[in-house]
Amino acid sequence: MRTFRTLDKNSNQTSFITQKFEETFGGPPTFIAAAPGRVNLIGEHTDYNDGYVFPVAIDKYINIAARKRPDRRVTLHALDVDDSWEFSIDTLSTIPPQAPTWSHYFIGVASLLQAPGREISGIDAVITGDVPIGAGLSSSAALSVAATLAFLTASSELETVGSEDNKKKLAALCQRVEHEFVDVKCGIMDQTISLLGQKNHALFLDCRSLEYEHVPLNLGEHAIAICNTKVKRELAASEYNKRRAECERGVEILSRWIPGISSLRDIALTDFKKYEEELPALTQKRCRYVIEENARVLEAVSVLKGRSQSASEETDASLIRFGSLMNASHNGLRDDYEVSCKELDLLTDIARSITGVIGSRMTGAGFGGCTVSIVHQDALEIFQTRVTTEYHEQTGIEPEIYLCNVSDGAQVFRLF
Ligand code: GLA
């Protein structure tokens, strides 16, 4: 089982990226911007429905080592894909067709950070990370957040524009980058947790008001285990946008019977049950899932908040309830929202059959990517063995398993 490394000034990761920067640019970087990936414990596909989510930041990061340039050019080298790109902040009106997808995040961030009275500086930067790409752990949100902090640091705006109070605005800016420069109509969860994560806490976020609470993650003797199916579905982006549209259609139809609603978040399960027959069958399933999932998040948060630090029968029962809410969430994503896939189902089935696993579900957008399971520490070894062997036997794929430490949100480490 692997544990994650934390980036600090003296870590191997820091010296690795610093050395690569020197090899690329012939001098040292002046800072490193590091933004974490995330795993969502419960509240999937609820963010773009104005609902509730409950993610944690994990100690896997996208790191950008950079220094300010005297001009407005941006020269980038992405170590993990061994690719480079260069552009000028002065000529940002369109993305050239040959620009690699990863560079769109920098182009998008630089464009959106420009504001009257704010001069964004050029940077030299190298990028590397250990958030697996396209695995549902938000590598792209981490990239846009790290790019934002890099530009703000180089432009001496980190303490103002990047201040604690402004983090929600920065999350919204990073979400716009996805919408306008990458064409993924994502919600606000991933960018927010990457910026606002707190060590050993989950973030209970209301995606309508953007009010949030850091809830202590008191899992007793249990750990968070992430299992990567290593499967990526090309369909993910188009199906994601379709689900969004189906939910909007549901709200439009239901608003004829339930006045005053503007999103699925506004509908109580009892009201939904009265009018669900008015919806086409597929729309009905999609809406039911989202409405039930919002209720599950609220219960999961209250169950966790109610747990005392001391282990007792009562607290164990509450953790078991938390786990069954995670299981129910997966079942809804599989049967009603239909964003799971056979590999995700297999991983959750194997996990749930192991004594000591209290809950297991897919996490992120779906159609591949990762599951998240809550596992008793005494069961971790058997968990790893059984998941690896049984998943491999049935799919021919070696899954990856990460033991997750819950970490702080994005940070900048100044080197000079
Ligand atoms: C992706 C999106 C998020 C969220 C999840 C599903 O990670 O970026 O906004 O919608 O899928 O919960």
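As the structure is a prediction and not an experimental result, all values here were calculated from the model. Remember, it's 1-based here, ligands and their atoms both numbered in the order they're listed.
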At a 4.0 angstrom heavy-atom cut-off, what protein residues surround ligand 1? Arg38, Glu44, His45, Asp47, Tyr48, Cys186, Gly187, Met189, Asp190, Tyr240, Gly364, Ala365

Between [X] and [Y], a side-chain donor and acceptor under 3.5 Å:
X	Y	answer
Ser121	Lys68	yes
Asn49	Ser263	no
Glu400	Tyr402	yes

Suppose we screen for ring-ring contact (aromatic ring centres under 6.0 Å, His included). Which residues come up paired with Tyr48, at least two apart in sequence or across chains? His45, Tyr240

List the residues meeting side-chain contact (heavy atoms from CB on, under 4.5 Å) with Ser209, not counting sequence neighbours, and say none if there are none. Asp206, Glu211

Return the set of residues passing side-chain contact (heavy atoms from CB on, under 4.5 Å) with His201 (not counting sequence neighbours), or none when no residue passes. Gln198, His214, Pro216

